[in-house]
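Inspection log for the structure reproduced underneath, given as structure tokens.
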Amino acid sequence: MSAAEGPLVVGVDTSTQSTKALVVDAATGRIVASGQAPHTVTNGAGRESDPRQWWDALCTALRQCGEAAHEAAAVSIGGQQHGLVTLDEHGEPVRPALLWNDVRSAPQARRLVEELGGPKAWAERTGSVPGASFTATKWAWLAEHEPEAVRATKAVRLPHDYLTERLTGQGTTDRGDASGTGWWASGTEAYDEETLAHIGLDPALLPRVARPGEVVGTVRDSHDLPFSKGTLVAPGTGDNAAAALGLGLRPGTPVLSLGTSGTVYTVSARRPTDPTGTVAGFADARGDWLPLACTLNCTLAVDRVAALLGLDREAVEPGGSVTLLPYLDGERTPNLPHASGLLHGLRHDTTAGQLLQAAYDGAVHALLGALDLVLDADADRDTPLLLIGGGARGTTWQQTVRRLSGRPVQVPQARELVALGAAAQAAGLLTGEDPAAVARRWNTAAGPVLEAVERDRSTLERITGVLSDAAPLLERRPETD
């Protein structure tokens with residue numbers, strides 16, 4: 001390991017499928033060491049993971065980093081949002097965590113919106129109209145279906161909170177991740193007592209919301225992680241807020257993230273309150289806001305279509321008039337939690353490659369449709385769209401986003417932006433800097449810019465038309481609701 005110019009910090013990304021750890025030179029942003037270990041997620045009606053897997057994966061990833069992790073002066077955890085972690089009096093999981101993409105709580109989400117004033121009231125109070133992804137709806141589902149688990153629960157955490165608490169022994173969260181629960185009011189920046197009372201959740205079970213830039217504790221001596229005694233622990237945050245830090249994002253710059261889920265977001269000084277529910281009014285990890293729209297089906301759904309067709313994911317072909325809405329896991333944007341994939345316009349001359357291209361088009365369509373709602377009205381429409389996530393380096397993803405957006409597209413060269421954002425937050429503890437300024441100093445957003453091409457409005461209009469015409473099918477609820 002070559003000598004670092006500044007102190008070392010650790011940034012962690014605990015995502016749906018794996019935990020990644022980076023040891024980063026706080027002075028330059030150079031990645032000194034890295035490690036990664038997988039998680040498992042259940043299939044079937046629900047999407048669940050044992051939180052203890054996340055801890056084991058963190059330990060494995062840090063051990064892969066070797067001596068560099070031991071030299072780190074600060075650490076921060078970025079994690080998948082919305083997951084419901086229930087702990088007993090010993091801090092052990094009562095049951096597996098309900099993950100963000102578990103949509104079994106769709107009926108509870110509908111009832112909560114109706115019972116607490118409707119969409120507009122929710123947007124004004126919490127910044128978002130909760131759907132089945134939100135933690136509050138998952139707690140309501142758990143109370144209805146597993147009351148014994150609720151009675152055994154002595155602490156409620158989000159995924160990043162769980163790991164942070166295991167590091168420090170203190171129950172803390174941050175405003176960015178708390179804003180995705182449905183029980184944190186963005187107007188007052190505090191837990192909402194009315195919502196908590198309505199869903200029967202004692203606020204004493206929730207973690208303290210730490211301030212941006214706060215040291216929430218130090219790494220405890222009670223485990224074998226390769227940290228030195230006294231290593232500082234930052235508040236951490238949700239994955240999208242961490243990626244925004246990792247990009248050094250400035251207000252008005254749009255981001256499209258292509259991962260298991262797809263997201264579009266930006267940083268804004270204005271608190272979002274979208275009563276349609278398309279835009280979630282999340283907080284960022286610095287003190288501003290992170291208006292965001294999310295789809296459940298993105299790279300994983302397109303890869304599944306490619307596998308069904310027996311094609312490589314890049315084996316697309318132009319032409320044809322087929323439309324494919326790849327809502328394989330239900331959908332969040334548009335809000336269709338019970339939907340399944342829908343194919344329309346199939347002809348004798350339709351090729352497998354055209355079908356695959358239609359899956360890409362369907363996945364990108366909803367994200368771009370939400371982009372104008374995410375951006376402030378005065379945002380510069382010529383600003384390049386930052387394309388990040390696992391799909392960002394795929395040629396077909398890049399070309400599909402260019403063709404359907406009509407915007408220039410920039411692909412940052414830096415990878416693992418969630419972990420880099422967590423590392424920037426950890427570095428800010430040591431230098432006193434804004435973490436986004438740290439990331440800009442590291443030049444994390446640098447990358448090639450693909451020029452704008454003429455927007456393919458005919459494809460966008462065709463998909464919009466099919467989506468509208470198929471609404472009764474896509475909105476149909478199972479009889480068990």
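Numbers for residues simply follow the sequence, beginning at 1.
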Side chain proximity check, Arg166 to Trp54, heavy atoms < 4.5 angstrom: no
Who are the ring-ring contact (aromatic ring centres under 6.0 Å, His included) partners of His198, not counting sequence neighbours? none
For Trp141, ring-ring contact (aromatic ring centres under 6.0 Å, His included) partners two or more places apart: His145
Once you round to the nearest 0.5 Å, how far does OG of Ser340 lie from CG of Leu325? 10.0 Å
The reported gap from CG in Asp349 to CD in Gln354 (rounded to nearest 0.5 angstrom) is 7.0 Å
Leu158 and Ala178: which non-hydrogen atoms are nearest, and at how many Å? CD1-N, 4.2 Å
Using the ring-ring contact (aromatic ring centres under 6.0 Å, His included) rule, collect all pairs that involve residues 449-477, keeping only residues at least two apart or in two chains. none
Thr42 side chain to Glu48 main-chain N or O, any donor-acceptor pair under 3.5 Å? yes
When you look at His160 and Thr237, which way does the side-chain hydrogen bond (donor to acceptor under 3.5 Å, both in side chains) test go after all the steps? CA-CA 7 Å; His160 110 259; Thr237 192; 6.0 Å; no
Verdict with supporting geometry, Arg47 and Asp329, salt bridge (Lys or Arg N to Asp or Glu O under 4.0 Å): CA-CA 10 Å; Arg47 295 291 186 272; Asp329 286 316; 3.0 Å; yes
May I have all residue pairs that pass side chain to side chain donor-acceptor pair (under 3.5 Å) and include part of residues 294-308, sequence neighbours excluded? Asn297-Glu331, Asp303-Arg313
Please enumerate all residues that pass ring-ring contact (aromatic ring centres under 6.0 Å, His included) together with His82, with sequence neighbours excluded. Phe134, Phe282
If the condition is side chain to side chain donor-acceptor pair (under 3.5 Å), which residues does His39 pass it with, not counting sequence neighbours? Thr19
Are any side-chain N or O atoms of Trp183 and backbone N or O atoms of Thr135, one a donor and one an acceptor, separated by less than 3.5 Å? no
